[in-house]
Amino acid sequence: MSQHDRDLERRARELYLRASRDVDPVTAGRLRAARRTALAAPHESAARRLMLPAGAFAVVALASLMLWQPGGAPPSAPPAVMQSADTEATDLPPDPDSTDPALYQNLQFYSWLAYNDTQPSAAHK
């Protein structure tokens with residue numbers, strides 16, 4: 001460290017000590033409270049610091065499981081509902097392997113629709 005750096009450090013320390021003696025009690029209390037908060041924060045955030053690597057590992061694991069396909073087969077589109085002119089309408093539900101998964105998203109609506117379709121309406125009475 002050069003002589004100029006030591007002189008600068010000494011002068012800065014003198015200014016700091018002089019300014020700290022001239023601080024009013026209210027400001028000194030606020031500074032002490034801020035110091036206590038700053039010193040307590042690293043202990044509280046230790047759990048948060050552990051959550052970041054754990055979350056990153058979970059994201060990487062999930063992404064690798066989603067991308068990994070057994071046998072190296074590329075991902076394929078879900079099979080669509082088979083609609084052919086020669087199939088008859090039956091009361092049986094379609095085969096799950098040959099239907100669009102989007103059909104199963106609103107099962108409550110379809111149940112409500114079927115229930116209301118079998119009930120006689122007031123207009124028909």
Side-chain angles (χ1 to χ4, degrees):
M1 194 184 277
S2 71
Q3 181 64 30
H4 176 68
D5 291 341
R6 279 185 238 143
D7 289 341
L8 181 64
E9 181 181 341
R10 183 185 52 77
R11 177 79 176 127
R13 186 169 288 141
E14 287 173 4
L15 287 172
Y16 169 74
L17 290 173
R18 187 178 329 146
S20 64
R21 283 189 299 257
D22 297 338
V23 173
D24 64 322
V26 173
T27 305
R30 287 180 27 210
L31 288 172
R32 279 192 299 274
R35 182 176 185 273
R36 281 192 302 269
T37 303
L39 290 175
H43 300 292
E44 295 172 358
S45 67
R48 289 184 184 166
R49 283 184 289 188
L50 290 176
M51 293 300 286
L52 181 64
F57 176 75
V59 167
V60 169
L62 180 63
S64 64
L65 285 175
M66 290 178 67
L67 294 176
W68 178 73
Q69 294 290 322
S76 61
V81 175
M82 295 183 60
Q83 295 183 0
S84 124
D86 59 349
T87 58
E88 320 177 32
T90 64
D91 289 337
L92 295 175
D95 185 25
D97 294 332
S98 65
T99 58
D100 185 8
L103 291 175
Y104 293 104
Q105 289 180 351
N106 297 320
L107 289 178
Q108 289 179 342
F109 170 72
Y110 295 129
S111 174
W112 173 84
L113 189 62
Y115 175 78
N116 286 334
D117 190 37
T118 59
Q119 298 295 321
S121 66
H124 295 288
K125 287 184 181 179

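We number each residue from 1, following the sequence as shown.
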- Please tell me if the side chains of Asp5 and Glu9 come closer than 4.5 Å, counting only heavy atoms from C-beta onward. no

- Item | Set of side chain to side chain donor-acceptor pair (under 3.5 Å) partners for Arg18, sequence neighbours left out | none

- Item | Gln108, CD atom: more than 12 neighbouring heavy atoms under 6.0 Å | no

- Query: Taking atom CZ of Arg32 and atom OG1 of Thr27, what is their separation to the nearest 0.5 Å?
  - Reply: 10.5 Å

- Task: Name all residues meeting the side chain to side chain donor-acceptor pair (under 3.5 Å) criterion together with Asp22; count only those two or more places apart in sequence or in a different chain, and write none if there are none.
- Result: none

- CZ (Arg6) with more than 12 external heavy atoms under 6.0 Å: yes

